[in-house]
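What follows is a short report on a single structure.
Given the structure is predicted, the values throughout are model-derived calculations rather than measurements.
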Amino acid sequence: MGKIKQWFCGQKMSWLKVILLAVGSAVYTAVMLLLPPLKDTSFQDIGVYLECWILLALFIIVNCKKWWEAMLKCFMFFLISQPLIYLLQVPFYIDGFGIFRFYKSWFNMTLLTLPGAVIAYQVKRKDWLSVLVLSVANGYLAYQAVTYLRMTIGNFPHHLLSFLFCIALIVFFTFLLLDKGSHRVTALVLAAGIFAGTVCICGIGLKKETEEITLPTGEWTVTIDDETVASVEITGETTADITAKKNGDTFLTFEAADGQSVEYYVTVNNGNLFLDEMDAE
(Lines give C-alpha, C1' and ligand atoms only; values in the text may rest on other atoms or scores of the structure.)
Protein backbone atom coordinates (compact mmCIF):
# COMPACT_ATOMS: atom_id res chain seq x y z
CA MET A 1 0.00 0.00 0.00
CA GLY A 2 2.92 2.33 0.69
CA LYS A 3 4.14 2.34 -2.92
CA ILE A 4 0.59 2.70 -4.24
CA LYS A 5 -0.03 5.60 -1.89
CA GLN A 6 3.21 7.26 -2.94
CA TRP A 7 2.23 6.97 -6.61
CA PHE A 8 -1.42 7.99 -6.20
CA CYS A 9 -0.70 10.98 -3.97
CA GLY A 10 2.74 11.94 -5.27
CA GLN A 11 2.05 13.13 -8.80
CA LYS A 12 2.76 16.58 -10.21
CA MET A 13 -0.71 17.39 -11.54
CA SER A 14 0.01 19.98 -14.23
CA TRP A 15 -2.72 21.50 -16.38
CA LEU A 16 -1.47 19.45 -19.32
CA LYS A 17 -1.85 16.24 -17.33
CA VAL A 18 -5.41 17.22 -16.38
CA ILE A 19 -6.30 17.83 -20.02
CA LEU A 20 -4.70 14.57 -21.17
CA LEU A 21 -6.49 12.67 -18.39
CA ALA A 22 -9.79 14.26 -19.41
CA VAL A 23 -9.36 13.40 -23.09
CA GLY A 24 -8.13 9.88 -22.34
CA SER A 25 -10.98 9.07 -19.97
CA ALA A 26 -13.52 10.50 -22.44
CA VAL A 27 -12.19 8.41 -25.33
CA TYR A 28 -12.16 5.28 -23.18
CA THR A 29 -15.71 5.89 -21.96
CA ALA A 30 -17.06 6.59 -25.45
CA VAL A 31 -15.45 3.41 -26.81
CA MET A 32 -16.94 1.34 -24.00
CA LEU A 33 -20.40 2.78 -24.63
CA LEU A 34 -20.19 2.16 -28.39
CA LEU A 35 -19.16 -1.52 -28.29
CA PRO A 36 -22.32 -3.66 -28.66
CA PRO A 37 -20.85 -6.76 -26.91
CA LEU A 38 -20.40 -4.66 -23.74
CA LYS A 39 -24.03 -3.55 -23.55
CA ASP A 40 -25.51 -3.97 -20.06
CA THR A 41 -22.16 -4.89 -18.49
CA SER A 42 -19.89 -3.34 -15.90
CA PHE A 43 -17.70 -1.87 -18.63
CA GLN A 44 -20.44 0.59 -19.63
CA ASP A 45 -21.30 1.71 -16.10
CA ILE A 46 -18.67 4.44 -16.33
CA GLY A 47 -21.02 6.25 -18.73
CA VAL A 48 -23.94 6.20 -16.28
CA TYR A 49 -22.65 6.21 -12.70
CA LEU A 50 -20.06 8.15 -10.71
CA GLU A 51 -17.65 5.76 -9.01
CA CYS A 52 -14.90 5.90 -11.67
CA TRP A 53 -15.26 9.68 -11.88
CA ILE A 54 -14.94 9.97 -8.09
CA LEU A 55 -11.67 8.02 -8.34
CA LEU A 56 -10.32 10.32 -11.07
CA ALA A 57 -11.49 13.46 -9.28
CA LEU A 58 -9.80 12.45 -6.03
CA PHE A 59 -6.64 11.58 -7.96
CA ILE A 60 -6.54 15.15 -9.25
CA ILE A 61 -7.53 16.77 -5.95
CA VAL A 62 -4.99 15.04 -3.68
CA ASN A 63 -2.21 16.02 -6.07
CA CYS A 64 -2.97 19.74 -5.88
CA LYS A 65 -1.18 22.02 -3.42
CA LYS A 66 -3.96 24.59 -2.97
CA TRP A 67 -7.73 24.31 -2.57
CA TRP A 68 -8.36 26.72 -5.44
CA GLU A 69 -6.03 24.72 -7.67
CA ALA A 70 -7.98 21.56 -6.87
CA MET A 71 -11.25 23.35 -7.60
CA LEU A 72 -10.18 24.73 -10.98
CA LYS A 73 -8.39 21.61 -12.19
CA CYS A 74 -11.23 19.29 -11.17
CA PHE A 75 -13.74 21.60 -12.87
CA MET A 76 -11.62 21.70 -16.03
CA PHE A 77 -11.34 17.91 -16.05
CA PHE A 78 -15.12 17.44 -16.06
CA LEU A 79 -15.74 20.39 -18.38
CA ILE A 80 -13.61 18.69 -21.04
CA SER A 81 -14.32 15.00 -20.48
CA GLN A 82 -18.11 14.89 -20.19
CA PRO A 83 -19.19 16.74 -23.37
CA LEU A 84 -16.38 15.01 -25.29
CA ILE A 85 -17.89 11.63 -24.40
CA TYR A 86 -21.16 12.64 -26.05
CA LEU A 87 -19.47 14.30 -29.01
CA LEU A 88 -17.52 11.14 -29.84
CA GLN A 89 -20.77 9.14 -29.88
CA VAL A 90 -22.69 11.50 -32.20
CA PRO A 91 -21.77 9.75 -35.51
CA PHE A 92 -22.89 6.39 -34.13
CA TYR A 93 -26.02 7.45 -32.24
CA ILE A 94 -29.50 6.91 -33.68
CA ASP A 95 -30.52 10.49 -32.89
CA GLY A 96 -27.20 12.18 -33.73
CA PHE A 97 -26.63 15.33 -31.70
CA GLY A 98 -29.81 14.50 -29.81
CA ILE A 99 -27.58 12.48 -27.48
CA PHE A 100 -26.64 15.77 -25.81
CA ARG A 101 -30.04 15.76 -24.09
CA PHE A 102 -28.40 13.42 -21.56
CA TYR A 103 -25.56 15.87 -20.91
CA LYS A 104 -27.66 18.21 -18.76
CA SER A 105 -27.27 16.16 -15.58
CA TRP A 106 -23.52 15.81 -16.16
CA PHE A 107 -23.21 19.55 -16.74
CA ASN A 108 -24.95 20.17 -13.41
CA MET A 109 -22.49 17.79 -11.75
CA THR A 110 -19.62 19.60 -13.46
CA LEU A 111 -20.78 22.83 -11.83
CA LEU A 112 -20.99 21.04 -8.49
CA THR A 113 -17.31 20.13 -8.75
CA LEU A 114 -16.46 23.77 -7.94
CA PRO A 115 -17.63 23.55 -4.31
CA GLY A 116 -17.22 19.77 -4.27
CA ALA A 117 -13.48 19.86 -4.98
CA VAL A 118 -12.94 22.42 -2.21
CA ILE A 119 -14.74 20.13 0.23
CA ALA A 120 -12.94 17.01 -1.03
CA TYR A 121 -9.60 18.80 -0.63
CA GLN A 122 -10.10 18.52 3.13
CA VAL A 123 -9.20 14.81 2.99
CA LYS A 124 -5.59 16.01 2.98
CA ARG A 125 -5.97 17.28 6.56
CA LYS A 126 -5.70 13.72 7.96
CA ASP A 127 -8.08 14.49 10.83
CA TRP A 128 -11.71 13.84 11.74
CA LEU A 129 -12.90 16.33 9.14
CA SER A 130 -11.12 14.15 6.59
CA VAL A 131 -13.06 11.16 7.89
CA LEU A 132 -16.34 13.04 7.50
CA VAL A 133 -15.52 14.21 3.98
CA LEU A 134 -14.30 10.80 2.85
CA SER A 135 -17.39 9.19 4.34
CA VAL A 136 -19.55 11.16 1.91
CA ALA A 137 -17.72 9.53 -1.01
CA ASN A 138 -17.70 6.14 0.71
CA GLY A 139 -21.39 6.51 1.47
CA TYR A 140 -22.19 7.00 -2.20
CA LEU A 141 -20.02 4.00 -3.08
CA ALA A 142 -21.79 1.86 -0.47
CA TYR A 143 -25.18 2.92 -1.84
CA GLN A 144 -24.04 2.25 -5.40
CA ALA A 145 -22.65 -1.14 -4.39
CA VAL A 146 -26.16 -2.14 -3.31
CA THR A 147 -27.52 -0.84 -6.63
CA TYR A 148 -25.05 -3.00 -8.52
CA LEU A 149 -25.78 -5.97 -6.28
CA ARG A 150 -29.47 -5.68 -7.15
CA MET A 151 -28.58 -5.48 -10.85
CA THR A 152 -26.33 -8.54 -10.53
CA ILE A 153 -29.01 -10.59 -8.81
CA GLY A 154 -31.53 -9.55 -11.44
CA ASN A 155 -29.22 -10.38 -14.36
CA PHE A 156 -26.26 -12.44 -13.12
CA PRO A 157 -23.33 -11.95 -13.64
CA HIS A 158 -23.86 -8.51 -15.22
CA HIS A 159 -22.51 -5.62 -13.10
CA LEU A 160 -20.76 -7.97 -10.68
CA LEU A 161 -17.44 -6.30 -11.47
CA SER A 162 -18.96 -2.88 -10.70
CA PHE A 163 -20.23 -4.16 -7.34
CA LEU A 164 -16.77 -5.47 -6.43
CA PHE A 165 -15.15 -2.27 -7.72
CA CYS A 166 -17.28 -0.10 -5.39
CA ILE A 167 -16.39 -2.25 -2.37
CA ALA A 168 -12.71 -2.18 -3.34
CA LEU A 169 -12.78 1.62 -3.73
CA ILE A 170 -14.16 2.06 -0.20
CA VAL A 171 -11.27 0.05 1.22
CA PHE A 172 -8.76 1.69 -1.13
CA PHE A 173 -9.79 5.25 -0.25
CA THR A 174 -9.95 4.51 3.47
CA PHE A 175 -6.45 3.08 3.74
CA LEU A 176 -4.92 5.40 1.15
CA LEU A 177 -6.26 8.74 2.40
CA LEU A 178 -6.52 8.15 6.16
CA ASP A 179 -3.53 7.39 8.37
CA LYS A 180 -4.84 6.71 11.88
CA GLY A 181 -6.40 3.37 12.80
CA SER A 182 -9.34 5.02 14.58
CA HIS A 183 -10.08 7.12 11.51
CA ARG A 184 -9.99 4.11 9.23
CA VAL A 185 -12.22 2.00 11.47
CA THR A 186 -14.76 4.81 11.77
CA ALA A 187 -14.85 5.34 8.00
CA LEU A 188 -15.33 1.62 7.31
CA VAL A 189 -18.05 1.28 9.96
CA LEU A 190 -19.95 4.24 8.51
CA ALA A 191 -19.71 2.79 4.99
CA ALA A 192 -20.88 -0.62 6.22
CA GLY A 193 -23.80 1.04 8.01
CA ILE A 194 -24.88 2.86 4.84
CA PHE A 195 -24.59 -0.37 2.88
CA ALA A 196 -26.71 -2.28 5.39
CA GLY A 197 -29.23 0.55 5.68
CA THR A 198 -29.63 0.73 1.90
CA VAL A 199 -30.23 -3.02 1.74
CA CYS A 200 -32.90 -2.74 4.45
CA ILE A 201 -34.67 0.15 2.72
CA CYS A 202 -34.36 -0.87 -0.94
CA GLY A 203 -33.95 -4.62 -0.68
CA ILE A 204 -31.76 -6.45 -3.17
CA GLY A 205 -34.36 -7.56 -5.69
CA LEU A 206 -34.41 -5.55 -8.91
CA LYS A 207 -37.76 -3.85 -9.52
CA LYS A 208 -39.04 -2.74 -12.92
CA GLU A 209 -39.94 0.94 -12.96
CA THR A 210 -43.25 2.25 -14.29
CA GLU A 211 -43.81 5.83 -15.47
CA GLU A 212 -47.12 7.57 -16.15
CA ILE A 213 -47.48 9.79 -19.21
CA THR A 214 -50.09 12.53 -19.39
CA LEU A 215 -51.54 13.18 -22.85
CA PRO A 216 -53.90 15.82 -24.24
CA THR A 217 -57.57 14.92 -24.08
CA GLY A 218 -58.60 12.63 -26.91
CA GLU A 219 -58.74 9.06 -28.15
CA TRP A 220 -55.23 7.69 -28.51
CA THR A 221 -53.65 4.62 -30.07
CA VAL A 222 -50.10 3.60 -29.19
CA THR A 223 -47.30 1.78 -30.99
CA ILE A 224 -43.89 0.81 -29.64
CA ASP A 225 -41.04 -0.21 -31.92
CA ASP A 226 -39.59 -2.86 -29.62
CA GLU A 227 -42.07 -4.47 -27.24
CA THR A 228 -39.32 -6.45 -25.53
CA VAL A 229 -37.81 -3.26 -24.06
CA ALA A 230 -40.96 -1.81 -22.46
CA SER A 231 -44.70 -2.35 -22.32
CA VAL A 232 -47.32 0.39 -22.59
CA GLU A 233 -50.93 0.55 -21.45
CA ILE A 234 -53.40 3.39 -21.98
CA THR A 235 -55.02 3.68 -18.56
CA GLY A 236 -57.40 6.59 -19.07
CA GLU A 237 -58.50 9.34 -21.41
CA THR A 238 -55.30 11.28 -20.84
CA THR A 239 -52.91 8.81 -19.17
CA ALA A 240 -50.75 5.87 -20.15
CA ASP A 241 -48.35 3.70 -18.14
CA ILE A 242 -44.93 2.66 -19.48
CA THR A 243 -43.22 -0.26 -17.73
CA ALA A 244 -39.58 -1.29 -18.15
CA LYS A 245 -38.96 -4.86 -19.29
CA LYS A 246 -35.32 -5.23 -20.35
CA ASN A 247 -32.32 -3.05 -21.13
CA GLY A 248 -32.49 -1.24 -24.45
CA ASP A 249 -33.79 1.73 -26.41
CA THR A 250 -36.96 2.12 -28.44
CA PHE A 251 -39.42 4.66 -29.80
CA LEU A 252 -42.96 5.05 -28.46
CA THR A 253 -45.62 6.84 -30.52
CA PHE A 254 -49.09 8.00 -29.50
CA GLU A 255 -51.51 8.97 -32.27
CA ALA A 256 -54.92 10.65 -31.86
CA ALA A 257 -57.92 10.47 -34.18
CA ASP A 258 -57.57 14.18 -34.98
CA GLY A 259 -54.01 13.73 -36.26
CA GLN A 260 -52.09 14.73 -33.15
CA SER A 261 -49.02 12.64 -32.38
CA VAL A 262 -46.58 12.46 -29.46
CA GLU A 263 -43.35 10.49 -29.73
CA TYR A 264 -41.02 9.43 -26.91
CA TYR A 265 -37.54 8.00 -26.92
CA VAL A 266 -37.52 5.26 -24.26
CA THR A 267 -34.37 4.03 -22.53
CA VAL A 268 -34.37 1.15 -20.06
CA ASN A 269 -31.30 0.57 -17.90
CA ASN A 270 -31.48 -2.19 -15.30
CA GLY A 271 -35.10 -1.60 -14.41
CA ASN A 272 -34.81 2.19 -14.57
CA LEU A 273 -36.97 3.90 -17.17
CA PHE A 274 -36.04 7.14 -18.93
CA LEU A 275 -38.50 8.95 -21.21
CA ASP A 276 -37.67 11.83 -23.50
CA GLU A 277 -40.35 13.50 -25.61
CA MET A 278 -39.12 13.65 -29.18
CA ASP A 279 -41.95 15.22 -31.10
CA ALA A 280 -45.36 16.68 -30.44
CA GLU A 281 -47.85 18.08 -32.92
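Side chain to side chain, T250 and D225 fail the donor-acceptor criterion of an N or O pair below 3.5 Å. Checked by atom type, the side-chain pair H183/D127 shows no donor-acceptor distance below 3.5 Å. Residues E51 and Y148 bring a donor and an acceptor atom of their side chains to less than 3.5 Å of each other. With 3.5 Å as the limit, one finds a donor-acceptor pair spanning the side chains of D45 and S162.
For the atom pair OG1 (T223) and CG (L252), the distance works out to 7.0 Å, reported to the nearest 0.5 Å.
You'll find the side chain of F173 reaches within 4.5 Å of the side chain of L55, heavy atoms only.
Here the closest heavy-atom approach between residue E227 and residue I224 is recorded as CG-CG2, 3.4 Å. When all heavy atoms of S81 and W53 are compared, the closest pair comes out as OG-CZ3, 4.0 Å. Shown here for L190 and S135, the closest heavy-atom pair between the two residues is CD1-OG, 3.4 Å.
Linking Ile, Leu, Val, Met, Phe, Trp and Tyr whenever their side-chain heavy atoms come within less than 4.5 Å puts L50 and F107 in one cluster. Residues I201 and I153 do not share a hydrophobic cluster, defined by chaining ILVMFWY side chains whose heavy atoms lie under 4.5 Å apart. Side-chain heavy atoms closer than 4.5 Å link hydrophobic residues (I, L, V, M, F, W, Y) into clusters, and following such links, possibly through other members, connects W68 to V133. By the rule that hydrophobic residues join a cluster once side-chain heavy atoms approach within less than 4.5 Å of another member, L58 and L176 end up as members of one cluster.
For the side chain to side chain contact (heavy atoms under 4.5 Å, CB included) test with F274, the passing option among V268, T267, D249 is T267; the others fail. With respect to R184, the side chain to side chain contact (heavy atoms under 4.5 Å, CB included) criterion is satisfied by exactly one of L134, V189, L178: L178.
E212 CD: more than 12 foreign heavy atoms inside a 6.0 Å radius. Residue Q11 qualifies as enclosed at atom CD: its count of foreign heavy atoms under 6.0 Å is above 12. Counting non-hydrogen atoms of neighbouring residues, nucleotides and ligands closer than 6.0 angstrom, the OH atom of Y265 exceeds 12 such neighbours. Crowding of W15 atom CH2: a count of heavy atoms from other residues, nucleotides or ligands under 6.0 Å exceeding 12. Heavy atoms from other residues, nucleotides or ligands lying under 6.0 Å from NZ of K180 number 12 at most. More than 12 heavy atoms of other residues, nucleotides or ligands shown are found within 6.0 angstrom of CZ on F165.
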Determine all donor-acceptor pairs shorter than 3.5 Å in which one atom belongs to a side chain in residues 19-37; sequence neighbours excluded.
residue : atom : partner : partner atom : Å
S25     : OG   : L21     : O            : 2.9
S25     : OG   : A22     : O            : 3.0
T29     : OG1  : S25     : O            : 2.7

Show me the donor-acceptor pairs within less than 3.5 Å that the side chains of residues 108-115 make with the rest of the protein, sequence neighbours left out.
residue : atom : partner : partner atom : Å
N108    : ND2  : K104    : O            : 3.4
T110    : OG1  : W106    : O            : 2.8
T113    : OG1  : T110    : O            : 2.4

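The aromatic ring centroids of F8 and F172 lie less than 6.0 Å from each other.
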